[in-house]
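Computation of the quantities below employed the complete heavy-atom set of this structure, encompassing side-chain atoms and omitting hydrogens, waters and symmetry-equivalent molecules. Remember, it's 1-based here, ligands and their atoms both numbered in the order they're listed.
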Amino acid sequence: MARQVDVVIIGAGSAGLSAMSEVRKKTDNFILVNQGPYGTSCARVACMPTKALIEAARACHGRHFLKHLGVQGTESLTIDRPRILAHVRRLRDGFTSGMINSTAKLGDKLITGPARFIDPGTIEVAGRVYKTAKTVIATGSRSIVPSAWHRLGNRVITTEEIFELTDLPDTLAVIGLGPAGLEMAQALARLGVKVTGVEQGAMVGGLSDPEVAAGMVDILRAEMAVHTGMTADLEPAGSELEVGLGKEKIRVAKVLATMGRRPNLEDMGLENLGLDGEAGGLLPHDPATMQLGALPVFIAGDANGDRPLLHEAIDEGRIAGFNAVSDQLARFRRRTPLAITFVEPNIVTVGQRYEEISNLDDCVIGGHDFSIQARARMSNSNQGLIRLYARRSDGLVLGAEMAIPAAEHVGHLLALAIQQKTTINELLRLPFYHPVIEEGIQAALRGLSTQTDQGKVSDTELLLCGSHVDDCLS
Ligand SMILES: Cc1cc2nc3c(=O)[nH]c(=O)nc-3n(C[C@H](O)[C@H](O)[C@H](O)COP(=O)(O)OP(=O)(O)OC[C@H]3O[C@@H](n4cnc5c(N)ncnc54)[C@H](O)[C@@H]3O)c2cc1C
C-alpha cells in the first residue's frame, strides 16, 4: 500500500531543510528523504570546514608580517598540521550537530534511502512507494572527478574527503582554481604544503573581469605555483602522481580535484517526469518559483545548478517549500547576486558581473588599485584591484568585481547599494571615515563619476542642500 503524503522533500541539506520549515507551517503530512550523511554539505564538507581551515592558515601566515615588524623567533615556529585538521573537524562537528539533531526528531517523517520517481506524483524509497501531491528536489551536488582519474585511488581527493585526512601531504596539486579550489590552494600553501594550482581558463576564484583576475594570479604566485590556461594530465608515479602540464611534469603526493560540481540527479527516475532536460544536465526550472517545467515538482539549491551558494540554496528551499503547500504559485524576488571567495585579498563579485556588462554601450568602468591604499598598507594587505560598473546615462551602480582586502565586507555594502538602486553620486554623499579600506571605494566611485553623462560633481555640489530647509536636516 502506498503511503499518501502532501509533500515529499528529497535531500536533507540546507535547501531541503529550509523547504521543510515552510512546508510544516501548512501541513504535518510530509516526508523528508535523504540518502547519504546528515548534517548538510555546507557544515560537513563545504562552507564551514573550509573557512575553519582558512582562518587557521591565515593565523599561521601572520608570522611573516610579525617578522617584518621585527618580532624575533618567527623562523622557529612550527605548524602542527594534524592538530590543525583535528581543530577543523572539532569545529565542523559542532556545526553539523545542530542540523543532525533537528532531523533526528522527525521520527517516521524521515526516510533514509535514495528517492526515485515512478511518475510526477509517485516516489519510491527503499522499496516503499509514496503518493505525493508535491515534491521538492533538493539533492545538492558533488565534485566532478574525470572517470580516467578513478584508477588513481585515494591519491586524487576532493573537498568531500580532505577534511578526513589525519595529516596533510607535503606536496599537492589543486586542479581547478574556481572559488573552492582557490580557497583550498592558498590555505594549504599557508600551512606549509607545496601547492601547485592549475586552471584551464584565465579566470580564477569566480572572477570574470580579466584585469582583476590577472592581478589576482600575480598576487597568488607569491605563495604558490599557478598555471593558468593549462589542463593537467595525471599518471601514477609510485605512491605519488605525475602531473603533466604541457611540457612540464611535476610530482605530487596528492591531487585535490576542484573542477566544478555536478547536481545529484542521476538514478532518480527523472526520465519518468516527461521533461525535455537532458539526463544529468540542468533541468528547466523557474528561478522565481522553483517549479520544474509545469510539474507539481520544485527544485532548489545546488541540485538545479543555477546559484550554487548557501544563502541562495536557503532562499530557493524556502520558495520551493512555500509553493509546494500553496494553492497558487507565488513568484519571488531574488536578491542581488553576491559571491565571495575567502582568499587574501578576498575575491568578490556583486551585482552584474563584468561578463554580463562588458558588451553594454551604456556602461562605464572605474577602478582603484589597492597597492597604494593607505589603510591597507598599515596592515600589510595592500594589494589587489576593484572594478566598479555603472550606467553611463545616470550613474546607476550595476556591479563590481574585486580582489581587495576586506572585500567580504565591501561586497556587502555594495550589494546593499545595488539592491537599493543607488547611483554613484548618492553613494558619494555617504560618509567615508578616515583611514579605512572603504576610502578605496570612494576613490573608485570618484573616478567612475567623471565618466558618466553627468560628469564629475564636486563634494560641495553633492552636499548642497535642496531649496527646502528640511533637506538640510538629518
Ligand atoms: C568546498 C566548498 C566550499 C563552499 N563554501 C561556500 C561558502 O563559503 N559560502 C557559500 O555560500 N557557499 C559555499 N559553498 C556552496 C554551498 O556549500 C552549497 O551551495 C550548499 O551547501 C548547497 O546546499 P544544498 O541543500 O543544495 O545541498 P546539500 O547540503 O548537499 O544537500 C543535499 C542532500 O541531498 C542528499 N541526496 C543526494 N542525492 C539524493 C537522493 N537521490 N535521494 C535522497 N537524498 C539525496 C545528500 O546526501 C544531501 O544530504 C561551498 C561549496 C564547496 C564545495
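The distance criterion of under 3.5 Å between nitrogen or oxygen atoms is met by S41 with respect to ligand 1. Note: an N/O pair closer than 3.5 Å links Q35 and ligand 1 by distance alone. Distances between N or O atoms of L309 and those of ligand 1 include at least one value under 3.5 Å. Polar contact with ligand 1: present for A15 (N/O pair, distance under 3.5 Å). Backbone and side-chain nitrogen or oxygen atoms of S141 are examined, and none is located within less than 3.5 angstrom of a nitrogen or oxygen of ligand 1. Ligand 1 has no N or O atom lying under 3.5 Å from any N or O atom of T159, backbone or side chain.
Neither the backbone nor the side chain of E312 has a heavy atom within less than 4.0 Å of ligand 1. Counting heavy atoms closer than 4.0 Å to ligand 1, residue P179 contributes nothing at all. When non-hydrogen atoms are compared, ligand 1 lies under 4.0 Å from the backbone of P308 (N, CA, C, O) but not from its side chain.
Although no hydrogens or angles enter the test, the distance criterion places a donor-acceptor pair under 3.5 Å between the side chain of R155 and the main chain of E240.
Nearest residue to atom 6 (C) of ligand 1 from A46, P49, G260, C47 is C47 (criterion: closest heavy atom). Among M99, K51, R44, E183, the residue whose heavy atom sits closest to atom 5 (N) of ligand 1 is K51. Between V8, N34, L310, it is N34 that holds the heavy atom closest to atom 35 (C) of ligand 1.
Side-chain contact between V297 and F117 is present, with heavy atoms from C-beta onward closer than 4.5 Å. By the 4.5 Å heavy-atom criterion applied to side chains, V252 and L172 are not counted as neighbours.
Salt-bridge annotation for R335 and E312: absent, with no side-chain N of the basic residue lying under 4.0 Å from a carboxylate O of the acidic one. Between D93 and R90, no side-chain nitrogen of the basic residue sits less than 4.0 Å from a carboxylate oxygen of the acidic one, so the salt-bridge criterion is not met. Taking 4.0 Å as the cut-off between side-chain N and carboxylate O, R116 and E271 count as a salt-bridged pair. Under the 4.0 Å criterion applied to side-chain N and carboxylate O atoms, E439 and R375 are not assigned as salt-bridge partners.
Within the cation-pi definition used here (under 6.0 Å to the ring centroid, within 45° of the axis), K26 qualifies as a partner of F322.
For R116, the closest heavy-atom approach to ligand 1 does not fall below 4.0 Å. Ligand 1 lies nowhere less than 4.0 angstrom from a heavy atom belonging to G317.
Set against the non-hydrogen atoms of R261, the atoms of ligand 1 under 4.0 Å away are 53 (C). Every atom of ligand 1 is numbered from 1 in the order shown, and the set under 4.0 Å from a heavy atom of G301 is 26 (O). Which parts of ligand 1 touch I10 is read off a 4.0 Å heavy-atom cut-off, strictly below it: atoms 42 (N), 43 (C). Those atoms of ligand 1 with a heavy atom of G140 less than 4.0 angstrom away are 26 (O), 27 (O), 30 (O), 32 (C). Of all the atoms in ligand 1, the ones that sit under 4.0 Å from a non-hydrogen atom of P37 are 49 (O). Per-residue contacts place A180 under 4.0 angstrom from the following atoms of ligand 1 (heavy atoms of the residue considered): 1 (C).
Other residues, nucleotides and ligands place more than 12 heavy atoms under 6.0 Å from the NE2 atom of H64. Heavy-atom contacts from other residues, nucleotides or ligands closer than 6.0 Å to CG of D267 number 12 or fewer. A 6.0 Å sphere centred on CG of D80 holds more than 12 heavy atoms belonging to other residues, nucleotides or ligands.
At a cut-off of 3.5 Å, with distance as the only test, a side-chain donor of D302 or S141 sits close to an acceptor on the other residue.
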